[in-house]
Number of protein chains: 2
Amino acid sequence: MNEAVVTILQGNGIQPSAQRVAVGEYVLRTEDHPSADQVWAAVRERFPMISRATVYNTLNLFVEKKLLRELILAEGRIVFDPNLGPHHHFIDEESGAILDVPWDAVSVDRVETLPGMDVREYQVVMRGRRRAH
Amino acid sequence: MNEAVVTILQGNGIQPSAQRVAVGEYVLRTEDHPSADQVWAAVRERFPMISRATVYNTLNLFVEKKLLRELILAEGRIVFDPNLGPHHHFIDEESGAILDVPWDAVSVDRVETLPGMDVREYQVVMRGRRRAH
DNA sequence: ATACAGTGTTAGACGTAGTCTAAAGCCATG
DNA sequence: CATGGCTTTAGACTACGTCTAACACTGTAT
Ligand SMILES: [Mn+2]
Ligand SMILES: [Mn+2]
Ligand SMILES: [Zn+2]
Ligand SMILES: [Zn+2]
């Protein structure tokens, strides 16, 4: 059992069962933005007997305990993001891949002054094509 | 049959059947961002025999013909937006309501300069609470 | 008038992502 | 051991969207 993950879970009031650590080992470290079923597939490679319900339960628990964020950017799938700091997202329309865009790469102004809206959080969602740079 | 809607449909190469006009009368004029089933409910009040499949077919046709945009901002529902110009969105976390934010109410910079990303379109997605203003 | 073709509508089956349920397993404590 | 509280599990269930295949409508050709 990965001690670093065990420590994170304990530090957030989560009993570190073998299944939860296996899910955490993948989803808390990925650079990706995987869906629940992608997490299930990835975790099953090393922990083949884990059930789908446990993966969903664990992901929802991690969201509740603020180890993950849920993003809803594309049709038919919720994706999970272990990058908790403020950042933006770029969606490659060709592959569906979701890329992080650093908070300071884009500048956004006047969000605080919108009449009638108390903005708790915001992000820029960009869509387009990836290209060589 | 609403002549204004008939004209819009014809102008976009869509045969103005009674069902399509009924859907258009609601969804092309709403200030809301309704889901397909909300559209179905609204249209059925005046056209009770319309089928769910026709509403979905019609909405998808309107999207294809660029009379509507699809937005994916919340869990478990695609919503439709007849406001075609560039604008941002604010989601009231209490009610789930989606409000338009005028393009110029917020300023966004440096989106064009992101390395490796060809941004075709973008918007700011804000979440928070509505309040009196 | 009738036949026919092309388009549009319909009910209901289907696919699929996510949730729920109820039983079984695990583990600490007495 | 026995008990109690979590946790996991398989599979049922729900909800949104799509697909299918039959039926209806409309306009044109005969
Ligand atoms: Mn969730
Ligand atoms: Mn669609
Ligand atoms: Zn991210
Ligand atoms: Zn809008």
Side-chain angles (χ1 to χ4, degrees), chain A residues 1 5-6 9-10 12-27 33-44 46-65 67-81 96 98, chain B residues 1 5-6 9-10 12-27 33-44 46-65 67-81 96 98:
Chain A
M1 277 221 297
V5 173
V6 169
L9 299 194
Q10 283 171 337
N12 287 273
I14 298 171
Q15 287 292 336
S17 71
Q19 288 88 337
R20 286 169 177 171
V21 172
V23 171
E25 232 167 292
Y26 171 69
V27 81
H33 294 80
S35 69
D37 281 342
Q38 280 175 275
V39 174
W40 190 31
V43 172
R44 254 185 311 175
R46 312 185 74 220
F47 201 136
M49 66 293 299
I50 195 170
S51 81
R52 195 162 162 274
T54 295
V55 172
Y56 273 86
N57 288 344
T58 301
L59 291 169
N60 285 336
L61 179 65
F62 286 4
V63 170
E64 188 192 321
K65 298 294 191 181
L67 293 175
L68 286 179
R69 280 195 299 168
E70 266 181 357
L71 301 177
I72 299 152
L73 298 172
E75 186 172 345
R77 56 181 196 146
I78 295 172
V79 303
F80 296 89
D81 191 346
I98 297 167
Chain B
M1 272 216 304
V5 173
V6 169
L9 299 194
Q10 283 171 337
N12 288 273
I14 299 172
Q15 287 292 337
S17 71
Q19 287 89 337
R20 285 170 177 169
V21 172
V23 171
E25 233 168 289
Y26 172 69
V27 81
H33 295 79
S35 68
D37 282 342
Q38 281 175 273
V39 173
W40 189 31
V43 172
R44 255 185 310 176
R46 312 184 75 222
F47 202 137
M49 66 293 298
I50 195 170
S51 81
R52 194 162 162 271
T54 295
V55 172
Y56 274 85
N57 288 344
T58 301
L59 291 169
N60 285 335
L61 179 65
F62 287 4
V63 169
E64 188 191 322
K65 298 294 191 181
L67 293 174
L68 286 179
R69 279 195 301 168
E70 266 181 357
L71 300 177
I72 298 153
L73 298 172
E75 187 172 347
R77 56 182 194 146
I78 295 172
V79 302
F80 295 90
D81 191 346
I98 297 167

Out of dA17(C), dT10(C), dT18(D), which has the shortest distance to the side chain of E75(A)? dT18(D)
Check whether any side-chain heavy atom of V23(A) lies under 4.5 Å from a side-chain heavy atom of F47(A), and answer yes or no. no
Measure CE/M49(A) against P/dC26(C) and give the value in whole Å, please. 12 Å
What's the closest nucleotide to the Q15(B) side chain, out of dT18(D), dG8(C), dT19(C)? dG8(C)
I'd like to check F80(B) versus H33(B) (side-chain heavy atoms, cut-off strictly below 4.5 Å). Are they in contact? no
Check whether any side-chain heavy atom of V43(A) sits under 4.5 Å from a side-chain heavy atom of V39(A), and report yes or no. yes
By side chain to side chain donor-acceptor pair (under 3.5 Å), E25(A) pairs with (sequence neighbours left out) R46(A)
note: I50(A), atom CD1; dG25(C), atom C1'; distance rounded to Å ~ 15 Å
Over how many whole Å does the gap from Y56(A) atom OH to dA15(D) atom P extend? 17 Å
With a 4.0 Å cut-off on heavy atoms, is T54(B) in touch with a base, just the backbone sugar-phosphate, or nothing at all? base
With a 4.5 Å heavy-atom cut-off, do D37(A) and R52(A) have their side chains touching? yes
Nearest-angstrom distance from the residue atom CZ of R52(A) to P of dA17(C): 8 Å
Taken to the nearest whole Å, CZ/R44(A) to C1'/dA10(D) is 14 Å
What is the distance, to the nearest angstrom, from the CD atom on Q38(B) to the C1' atom on dA15(D)? 14 Å
Between S17(A) and dC6(D), is there a contact of a side-chain N or O with OP1 or OP2 at under 4.0 Å? no
In whole angstrom, give the distance that lies between atom CG of N57(A) and atom P of dC6(D). 15 Å
Report which part of the nucleic acid N60(A) touches: base, sugar-phosphate, or nothing (heavy-atom distance under 4.0 Å, all strands). sugar-phosphate
Where each residue is assigned the nucleotide of DNA chain C containing its nearest heavy atom, which of R77(A) and A18(B) is assigned the position nearer the 5′ end? A18(B)
For atom CE of M1(B) and atom C1' of dT26(D), their distance in whole Å: 13 Å
Whichever of A53(A) and D37(A) has the more 5' nearest nucleotide on DNA chain C, that residue is D37(A)
Is there a donor on the side chain of R20(B) or the base of dG8(C) sitting less than 3.5 Å from an acceptor on the other? no
